[in-house]
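All remarks here apply to the structure that follows.
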Number of protein chains: 2
Amino acid sequence: MTRVRADINISLDGYTSGGHDVENPMGQDWGRLMAAYTSTRTMQERVFGDTTGAGTTSTEDDYARAYFEGVGAEIMGAGMFGLHTFPDDPDWEGWWGDEPPFDMPVYVLTHAAPRPSLTKGGTTFHFRSGAIKDVLAEAVASADGQDVRIGGGASTARDFLLAGLVDDLHVAIAPIVLGRGNRFWDGLEGLELTHQVTTEVAESGTTHVTFRR
Amino acid sequence: MTRVRADINISLDGYTSGGHDVENPMGQDWGRLMAAYTSTRTMQERVFGDTTGAGTTSTEDDYARAYFEGVGAEIMGAGMFGLHTFPDDPDWEGWWGDEPPFDMPVYVLTHAAPRPSLTKGGTTFHFRSGAIKDVLAEAVASADGQDVRIGGGASTARDFLLAGLVDDLHVAIAPIVLGRGNRFWDGLEGLELTHQVTTEVAESGTTHVTFRR
C-alpha cells in the first residue's frame with residue numbers, strides 16, 4: 001500500500017538551509033547541512049554520478065538508500081524545482097539538469113502561470129496549482145502502489161504534515177546551529193501524539209528522528 | 001580546574017517548558033519535557049527523596065548523575081528560583097522548599113530589590129544584580145576548585161553562552177514537539193565552531209548533545 005513519506009534535513013535549531021541566491025539555489029548553508037548525507041556512497045552514486053564506490057557506508061548510508069527505495073512519485077515545492085529563481089523565464093527548466101536523480105513522475109506545486117510537463121531523462125515534471133490533497137491523489141495514482149515522497153522544501157513538507165497527509169517523516173538533524181533559514185517545526189506541535197517517534201544517532205553525529213503512523 | 005557547565009532540557013523544536021503559572025512554576029510542559037530525566041534513579045533520590053532504589057538506570061541516569069557530580073556552586077535566573085511569581089512579597093522564599101537539592105552556594109540573578117542571603121538546609125541562596133561575569137567570578141571562588149553550573153532557565157544559560165563563559169553545555173532533547181515556551185537556540189549559531197559536539201541517544205529516545213571546549 002502506498003505510504004506518503006517526507007524527508008527533511010535541518011540544523012539543531014530547526015532550520016533548513018538559508019541564504020538562497022542565484023549561485024546557491026539550495027541556500028548557502030546547504031553544503032554544511034547536508035555534508036554527512038552527500039558524503040554517502042548512495043548519494044555519491046545516485047546524485048553525483050560517482051560509480052567508483054566512493055562515499056561513506058553504514059548508518060548514514062542506510063538512510064540515504066532508504067530515501068530512494070520504493071518511491072513511485074515525488075511532490076516538491078516550486079522553490080525546490082527552481083521556479084522562484086527566474087520566475088519570468090518560461091524557458092527556464094529548473095536546477096536539475098538533463099538527468100535528474102528522480103526517474104519517476106515529479107509533481108511541482110506552483111501558483112505561477114501553467115506550464116507544460118517537462119521530461120528530462122527518466123523524470124517527467126508536472127506543474128500543478130490545485131489543492132495539495134488533489135495533487136497527492138494524482139501522485140498516488142501515478143506511483144502505482146509504490147510510495148509517494150514529499151521532497152521538500154521545508155514549507156512544502158510542513159504543509160502536507162499540517163494537513164495530516166504524511167505517514168512517515170524522517171528528520172535528519174545535523175549537529176550544527178545555523179541561526180537562519182526556514183524554520184521546519186513551526187505548527188507541528190504534538191506530532192509525537194499522532195506518530196510514533198524513534199531516534200538514532202549516526203556516526204557523523206547526525207540525529208535521525210523518524211515519525212511513523 | 002573549575003569548568004563552567006550548563007544543562008538544558010528542550011523539545012525537538014528547541015523550546016524549554018512553556019505555560020508558566022502559579023500552579024506550574026516550571027511551566028505546564030515541564031513534566032513531559034523532563035519525564036525521562038525525572039524518572040532516573042538519581043533524580044528520584046536526589047530531588048524527590050526516594051531512597052528505595054526506584055527509577056531508571058543506564059544512559060539517562062548516567063547524565064543525571066553527571067549533573068550532580070563535581071559541582072561546587074550554581075547560578076540560576078530569578079525565574080528558576082521563583083522570584084517572578086510573587087515579585088512583591090519579600091517573605092516569599094521561592095519554589096525549592098526547606099531542603100533544596102543543591103547543598104552548595106546558589107547565586108540567583110535578579111534586578112529586583114536587594115534581599116539578604118537565604119539558607120535552606122545545605123543550600124545558601126545569594127541574590128545578585130551585577131554583571132554576569134562578576135557573579136560568575138564570585139561563584140568560581142566559592143566553588144573552591146569544583147565546577148560552576150549554570151542551572152537555567154534557558155535565557156540565563158543563553159546569556160552565559162553568548163558571553164562565551166560556558167565550557168561544557170549539555171542539551172537533552174526530548175522526542176516531542178512543544179510549539180511553545182522559551183526558544184533556547186536563538187543567537188547561538190556557530191556554537192559548533194567554538195565547541196566540540198558529540199551526540200548520543202538514550203533508551204528513552206532523548207538525544208543528548210554535548211558541546212565542550
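Convention: sequence-line order gives letters A, B, ...; per-chain numbering from 1.
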Do any of residues 173-198 of chain A have a heavy atom less than 4.5 Å from a heavy atom of chain B, and if so, which, in residue order?
A/I173, A/P175, A/I176, A/V177, A/L178, A/G179, A/R183, A/W185, A/L188, A/E189, A/G190, A/L191, A/E192, A/L193, A/V197

I need the contact set between residues 38-66 of chain A and chain B: heavy-atom distance under 4.5 Å, sorted by residue number.
none

Within residues 202-213 of chain A, which residues come under 4.5 Å of chain B, heavy atom to heavy atom?
A/G205, A/T207, A/V209, A/F211

Which residues in residues 150-163 of chain A have any heavy atom closer than 4.5 Å to a heavy atom of chain B?
none

Hey, which of B/V171, B/I10, B/T199 has the most heavy atom pairs under 4.5 Å with chain A?
B/T199

